[in-house]
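Counting from 1, the numbers follow the sequence of the chain as shown.
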Amino acid sequence: MHDVHIIGGGLAGSEAAWQLAQRGARVRLSEMRGCGEMTPAHQTDGLAELVCSNSFRSDDDTKNAVGLLHHEMRALDSLVMRAGEVARVPAGSAMAVDRDVFSAEVEKALSQHPNVTVVRERVDTLPEAGLTIVATGPLTAEALAGSIVRATGSERLAFFDAIAPIIHHESIDMSKCWIQSRWNKTTSASNEGGDYINCPMTKEQYVGFHKGLVEGDKTEFKQWEKDTPYFDGCMPIEVMADRGVETLRYGPMKGVGLDNPFDTSHEFPQGRWPYAVVQLRQDNKLGTLWNMVGFQTKLKYAAQIGLSRTIPGLEHAGSARLGGLHRNTFLNSPQVLDRQLRLKAAPHIRFAGQVTGCEGYVESSSIGLVAGMMAAAELAGHEWQSLPATTALGALLSHITGDAEAATFQPMNVNFGLFPPLHEVGKKVRKEAYTDRGKADLARWIAETREAVPT
Ligand SMILES: Cc1cc2nc3c(=O)[nH]c(=O)nc-3n(C[C@H](O)[C@H](O)[C@H](O)COP(=O)(O)OP(=O)(O)OC[C@H]3O[C@@H](n4cnc5c(N)ncnc54)[C@H](O)[C@@H]3O)c2cc1C
């Protein structure tokens, strides 16, 4: 007998199981590794296996968003953070772990817990009834992915996810760029001035940029990635650039219909169309994050950073996320999940972890943590009190459950661009102010909701 069925014993599923079990709920944790199944990236049968790097990134909770997330998870008695401390290896201000010790610690805590039953089985369909948390990750097994597709009405979930860089608005030099939609056609009545930030390029700048794209260092495909199709409309920019120097000027970088106010003359009082343009589109409701339109890329990170610095207006751009390309399975969460991570079409099912469209070990675990807490509250008949959007957990959760633009939704790391802005605080101390505010608001939320804190 169990109260909640968790599918997937990775980072998010293990964390959700712990949170529920610690609150007295009986959990069945189904993990397919260990019954003869494997994903293309995992190497062991251990719960919470880290598939690539061994880093939980920055542990600095005074001025770093992921460090703040660590702090909040510790305050909420995270199993991933507990096991991470035991398995910790030296890594400066980052938190890195011995992956085998880490996985063994998680496995020990769950298999010895009286409220958890770990079952090695592959689940192929979404349960029709009973509280369920699906945490099957970016490499969800095919049959279950099909079942999720049917339940969400999506066309498909797994594809090569070619993602474009996302830029912090405050780092864009608006003295060189302007806001306008092509032909002044805005998509929203409230955006009278236009929907896009336009970074104009001269011919010389464009030719140099094109050369950088074609010659830049690119990530190679892994063998198992080779059969997965590109997501329609997500062709990497360097693949387009390879087709000829003019291809991009007739594609995402075309300048037609855009009046450059920095290039006016008697003949063009409103401004000439630029030779080429890089456009950025708003990526979150706060307007703090902007997505480089059509710039999904396989370029290595250093090459991406170097190249983006050659774009007028982006010379000092700070990115919330760089571009990349890998197989990923994730929901269009802003569209299909409610604010409590429940499938709108089948509210007995919650999703957690990377499959919800967060990105990274820590983020995936944190969404598992919050899904476990939400399910425990539901089971106990308590009303869920929303987490403040000023906390890292609350900001990430708000983003994936509704604040991100559904039409362009892509996996996201936690970053300060997701937080309600603090314009009144000077730039130099803004990160410290974000973390101070987040910590204070979480402490208040814990006190008000009497949520579990470590003893
Ligand atoms: C190749 C690759 C490399 C990555 N590298 C990094 C990195 O270096 N750093 C980082 O921060 N993030 C990285 N990520 C992103 C992400 O943070 C991790 O994938 C993370 O493990 C996600 O946590 P999760 O719990 O959502 O999924 P997972 O940890 O993958 O857990 C999902 C679990 O569900 C199981 N499962 C799947 N389908 C079924 C089923 N039908 N029935 C039962 N069980 C099932 C799987 O076996 C797995 O154990 C990487 C992702 C990939 C794909």
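A perpendicular orientation is assigned to the rings of Y361 and F56, their planes being inclined by more than 60° (bins at 30° and 60°). The aromatic rings of Y206 and H210 lie tilted to each other, with the angle between the two planes from 30° to 60°. Ring geometry for F330 versus F409: interplanar angle over 60°, hence perpendicular rather than tilted (30 to 60°).
The shortest heavy-atom contact between L442 and A75 is CD2-CB, 3.9 Å. I197 approaches C177 most closely through the heavy-atom pair CG2-CB, 3.8 Å. The minimum heavy-atom distance between T125 and L144, with the atom names listed, is C-CD1, 3.8 Å.
In F262, the CZ atom is crowded: over 12 heavy atoms of neighbouring residues, nucleotides or ligands sit closer than 6.0 Å. Within 6.0 Å of CD on Q270 lie no more than 12 heavy atoms contributed by other residues, nucleotides or ligands. At most 12 heavy atoms of other shown residues, nucleotides or ligands fall within 6.0 angstrom of atom NZ in K431. Heavy-atom contacts from other residues, nucleotides or ligands closer than 6.0 Å to CZ of R88 number more than 12.
For the pair R182 and Y196, the NZ or CZ position fails the cation-pi test of under 6.0 Å to the six-membered ring centre and within 45 degrees of the ring normal.
The residues R350 and D338 are annotated as not salt-bridged, no charged nitrogen and carboxylate oxygen being separated by less than 4.0 angstrom. Between R33 and E49 there is a salt bridge, since at least one side-chain N of the basic residue sits less than 4.0 Å from a carboxylate O of the acidic one. In this structure, R122 does not pair ionically with E31, as no charged nitrogen and carboxylate oxygen lie closer than 4.0 Å. Note on R272 versus E267: no salt bridge recorded, every NZ/NE/NH1/NH2 to OD/OE distance being 4.0 Å or above. E85 has a carboxylate O that lies under 4.0 Å from a charged side-chain N of R74, or vice versa, which qualifies the two as a salt bridge. Between K63 and D60 there is a salt bridge, with a side-chain nitrogen of the basic residue lying less than 4.0 Å from a carboxylate oxygen of the acidic one. Ionic pairing of R339 and D403 is present here: one or more N-O contacts between side-chain nitrogen and carboxylate oxygen are shorter than 4.0 angstrom.
Proximity of L337 to L343: side-chain heavy atoms (C-beta onward) are separated by under 4.5 Å at one or more points.
Looking at E359, E363, R321 one by one, the single match for side chain to side chain donor-acceptor pair (under 3.5 Å) with N413 turns out to be E363.
Expressed to the nearest 0.5 Å, how far CH2 of W178 lies from CG of N198 amounts to 5.0 Å.
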